[in-house]
2 protein chains.
Amino acid sequence: MTPIKEAIDTMKQNGLKETDKRREMLSILLEQEGYLSAKEVQEKLQTKFPSISQDTIYRNLNLFSDLGIVESTELNGEKHYQFSCKHQGHHHHFICSNCGKTIPFDMCPMDFFKDQLPGYSILSHRFELFGLCDECSEKE
Amino acid sequence: MTPIKEAIDTMKQNGLKETDKRREMLSILLEQEGYLSAKEVQEKLQTKFPSISQDTIYRNLNLFSDLGIVESTELNGEKHYQFSCKHQGHHHHFICSNCGKTIPFDMCPMDFFKDQLPGYSILSHRFELFGLCDECSEKE
DNA sequence: CTCTTTGCAAAACATTTGCATGCCT
DNA sequence: AGGCATGCAAATGTTTTGCAAAGAG
């Protein structure tokens, strides 16, 4: 079962429908090794759907996000999305500032800090690394 | 030398001027134990400057940020600011999801991970904890 | 056939900018 | 006096929403 089929199953279980545009969006998000903004998703959709409206993209990205099909983060004041089925379990990302590629890793600061922090009830955390990936490093 | 005077000195060194509104903004940011959005700053300014325009607030917050007088972060899609002179050196924040108060701490995941991460050149990182501060925990 | 999806247009929201007036130094 | 600061209005950029038409099951 491909990740895209899984995602479409999830949608159907929630009474939502399978459309060409959603399938193509999922395929774009799956192929991409990193986060994409709504605008970047639209650019990649241009080939197959030159006249797709932004609304559809925003609506579907929110939908995917609500269903847990994609993960999202905020970069430079814009929401970014990427397929979330690839890497299982709790993880964080290294994000290449140049090409946008993300590399997941399992290490989590909370494993170290859990006992060392003041007694606040910590409910969530945000941890991201930024830099240049191997490919972009070489090009410089 | 108070932090506010230091900040105004920095501004003057850059050819900028001391105004009532800037002084009041700095004072609000200094008193607050946490991040404030532009809107929240405006609300707190209402008492002394009921008719101040948002533009001025946005312009001055950006200015303070450029000069390093305030630190900023992005929360729920809005930029937030707080005075940055209190806690010296590299640090991160615990942010109370209820009252917005922030508590700085010196521990940094990079100290642990430096050697354990893949060979990517890491240039920066983002690490923030969210939860309830002691006061807000008790109220629940 | 019914309910969801899409496109269009408009609105909402945070933020920025041009310009003329006003204030600090 | 001269340059920076401010207010106003308008523009910008991202994201959301109402509504009617098109499409999926």
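All chains are named by letter (A, B, ...) in the order of the sequence lines, taking the proteins before the strands, and each is independently numbered beginning at 1.
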Taking only side-chain nitrogens and oxygens of [X], does any of them come within less than 4.0 Å of OP1 or OP2 of [N]?
| X | N | result |
| --- | --- | --- |
| A:Asn62 | D:dT16 | yes |
| A:Thr56 | C:dT6 | no |
| A:Asn60 | C:dT6 | yes |

**Message:** To the nearest 0.5 Å, what is the distance between CG on B:Leu45 and CG on B:Asn60?
**Reply:**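 That separation rounds to 9.5 Å.
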**Message:** Do B:Ser65 and B:Tyr81 make a side-chain contact, defined as non-hydrogen atoms from C-beta onward lying under 4.5 Å apart?
**Reply:**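 SC-SC contact between B:Ser65 and B:Tyr81 confirmed.
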**Prompt:** Counting any heavy atom closer than 4.0 Å, what does A:Gly77 reach on the DNA or RNA strands: base, sugar-phosphate only, or nothing?
**Reply:** nothing
Shortest side-chain distance from [X], nucleotide among [options]:
| X | options | result |
| --- | --- | --- |
| B:Lys79 | C:dT15, C:dT4, C:dT25 | C:dT15 |
| A:Lys21 | C:dT5, D:dT15, C:dG7 | C:dG7 |
| B:Gln54 | D:dG2, D:dG7, C:dT15 | C:dT15 |
| B:Arg59 | D:dA9, D:dG25, C:dG18 | C:dG18 |
| A:Arg22 | D:dT15, C:dT16, C:dT5 | C:dT5 |
| B:Lys17 | C:dT25, D:dA24, D:dT6 | C:dT25 |
| B:Tyr58 | D:dT6, D:dG3, C:dT15 | C:dT15 |
| B:Lys39 | D:dG7, C:dG7, C:dA14 | C:dA14 |

Rounded to the nearest angstrom, tell me the gap between atom [atom1] in [X] and atom [atom2] in [N].
| X | N | atom1 | atom2 | result |
| --- | --- | --- | --- | --- |
| B:Glu24 | D:dT6 | CD | C1' | 16 Å |
| B:Arg23 | D:dA5 | CZ | C1' | 14 Å |
| B:Ile52 | D:dA5 | CD1 | P | 13 Å |
| A:Glu40 | D:dT15 | CD | P | 11 Å |
| B:Asp20 | D:dT6 | CG | P | 9 Å |
| B:Ile57 | D:dG7 | CD1 | P | 9 Å |
| B:Tyr81 | C:dA14 | OH | C1' | 10 Å |
| B:Gln13 | C:dT25 | CD | P | 15 Å |

**Asked** How far apart are the C-alpha atoms of A:His93 and A:Tyr35, what are their side-chain angles, what is the distance that settles it, and do they pass the ring-ring contact (aromatic ring centres under 6.0 Å, His included) test?
**Response** CA-CA 10 Å; A:His93 290 115; A:Tyr35 288 100; 5.6 Å; yes
**Message:** Can you tell me whether the side chain of B:Asp55 and the base of D:dA9 have a donor-acceptor pair closer than 3.5 Å?
**Reply:**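 When only heavy-atom distances are counted, B:Asp55 does reach the base of D:dA9 through a donor-acceptor pair under 3.5 Å.
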**Asked** Which residue lies toward the 5' end of DNA chain C, B:Thr19 or B:Ala38, if each is placed at its nearest nucleotide?
**Response**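 Nearest nucleotide further toward 5': that of B:Ala38.
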**Message:** I want to confirm an ordering. Mapping A:Ser51 and B:Glu78 to their closest nucleotides on DNA chain C, which one lands closer to the 5' end?
**Reply:** A:Ser51
**Asked** Can B:Lys44 and B:Gln32 be said to form a side chain to side chain contact (heavy atoms under 4.5 Å, CB included), step by step?
**Response** CA-CA 10 Å; B:Lys44 290 182 181 293; B:Gln32 179 75 14; 3.6 Å; yes
**Item:** Test: A:Lys101 and A:Glu135 ion pair at under 4.0 Å
**Value:** yes
**Request:** Could I get the full list of salt bridge (Lys or Arg N to Asp or Glu O under 4.0 Å) partners for B:Lys48, not counting sequence neighbours?
**Result:**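 Applying salt bridge (Lys or Arg N to Asp or Glu O under 4.0 Å) to B:Lys48 gives B:Glu24.
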**Item:** B:Leu61 reachable from B:Ile69 in the ILVMFWY side-chain graph, under 4.5 Å edges
**Value:**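 Yes.
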**Message:** Please determine whether side chain to side chain contact (heavy atoms under 4.5 Å, CB included) holds for the pair A:Met25 and A:Ile57, giving the CA-CA distance in whole Å, both sets of side-chain angles, and the decisive distance to 0.1 Å.
**Reply:** CA-CA 8 Å; A:Met25 283 181 69; A:Ile57 294 167; 4.1 Å; yes
**Request:** Kindly calculate the angle separating the two end axes of the helix from C:dC1-D:dG25 to C:dT25-D:dA1, each obtained from five base pairs, and round it to 10 degrees.
**Result:**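 End-to-end axis angle: 30°.
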